[in-house]
Asks: 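Sharing a structure with you now.
Every chain is numbered from 1, with letters handed out A, B, ... down the list of sequences.
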Amino acid sequence: MFEARLAQGALLKKVVEAIKDLIEDANFDCNSSGFSLQAMDSSHVSLVALSLRADGFEHYRCDRNVSMGMKLASLSKILKCANGDDAITMKSEDNGDTITFMFESPEQERLSEFDLKLMDIDSEHLGIPDNEYDATVKLPAAEFQRIVKDLSTIGDTVEISVTKDAVKFGTTGDIGNANIMCRQNKAADKPDESTEIDINEAVSLTFALRYLNSFAKATPLSTHAVLKLSKELPILVEYHIPEVGRLAFYLAPKIED
Amino acid sequence: SSRQRDISSFFGGA
C-alpha cells in the first residue's frame, strides 16, 4: 500500500493550485524515494516536474511502485476542503481504484476523508538530462511573478538576457515596449530579497509570457524562483520547497523563423 | 516572427 502524511498539508494545496491550470490530468508516481509527477501541458510546450522526497513527509510508506492517475481539477476540488493548517494523509491500496485524502486539524478535533477516483492516463515520460546551464538567476519569487505579470500587459513574449551583473526582461507589443532590469543584489541582512546571478556565458532567449505567468502560480511555495538558461534550450524555472522537494517547470524557447 | 518549439523535441521519449 501507499500511505504518506504531510504535516504541512498546505504545501500540497499550493502545489496543486500551481499546476492545475497548466495540466489537465497526470500520473503521480510513488516509490520508496518519494512522490513525483512529470507532465506536459496539452500543447506540449512546457513540462512540469514535481518531486516530494519521502523524508519530507512525516510518515511515508510505499510497498511497491505505483502510478496514480488523477484529474487535477478534481484533486484541487478535494484539497480545497482542507484547511491551510491541516495535516494531509494520502492513502491507496495496491491496485486500488481510489486514493483517500485524510485531513486532520492541528488539535485533531476534526478529521475528514475524501476519496478520489483514480484514472488510467497514458502519458509520455520524457528524459530530462541534468544539464549544466549557461546562466542561473535566483530572484525573489514575488518579483519574478510581478515581472511576468507586468510585461504581459504589453506583449506576448519576453526576451530574458542574463549578463554577469544583471538580468533583463524585455517585451514588445502594439502599444509600445517594456524592459525590466534586476541587478545582482546579495543583501546578507535580507536573504529573502536577494537576487543572485551565476553565469558561465551571457545568454539571451525568448519565451511565451503566458506560460511563465502560469509557472508563477507556484510563488507561494518558495521565497525564490530559480531560472536556469542555456542557449537554444528550454528555460528551467524552479521553486524549492524547503525540506520537502521542488516544483520545476521547463518551457521551450521561441525561435526566429 | 517567432515560432514556438515543442518541449518534447528537446527531451525526447525515455
Asks: Would you find a donor on one side and an acceptor on the other, under 3.5 Å apart, between the side chain of B:Gln4 and the backbone of A:Val45?
Replies: no

Asks: Report the distance from atom NZ of A:Lys254 to atom CZ of B:Arg3, rounding to the nearest 0.5 Å.
Replies: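 Atom-to-atom, A:Lys254:NZ and B:Arg3:CZ are 10.5 Å apart.
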
Asks: Are more than 12 heavy atoms from other residues, nucleotides or ligands located less than 6.0 Å from atom CG of A:Asp150?
Replies: yes

Asks: Do A:Tyr250 and B:Phe11 have their ring centres less than 6.0 Å from each other?
Replies: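 They qualify: ring centres under 6.0 Å apart.
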
Asks: Check whether any side-chain heavy atom of B:Ser2 lies under 4.5 Å from a side-chain heavy atom of A:Phe207, and answer yes or no.
Replies: no

Asks: Would you say A:Glu24 has more than 12 foreign heavy atoms packed within less than 6.0 Å of its CD?
Replies: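 Counting other residues, nucleotides and ligands, CD of A:Glu24 stays at 12 neighbours or fewer.
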
Asks: Please give me the minimum heavy-atom distance between B:Arg5 and A:Ile255, naming the atom from each residue.
Replies: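 The answer is CD-CD1, 3.5 Å.
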
Asks: Decide if atom CG of A:Asp120 counts as having more than 12 heavy atoms of other residues, nucleotides or ligands within a radius under 6.0 Å.
Replies: no

Asks: Counting only heavy atoms not in A:Lys149, do more than 12 sit closer than 6.0 Å to its NZ atom?
Replies: no

Asks: I need the minimum non-hydrogen distance between B:Ile7 and A:Leu47, along with the two atoms involved.
Replies: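 Minimum heavy-atom separation between B:Ile7 and A:Leu47: CG1-CB, 4.1 Å.
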
Asks: Going by side chain to side chain contact (heavy atoms under 4.5 Å, CB included), name the residues that satisfy it together with A:Ala4, two or more places apart in sequence or in a different chain.
Replies: A:Phe2, A:Phe57, A:Tyr60, A:Met90

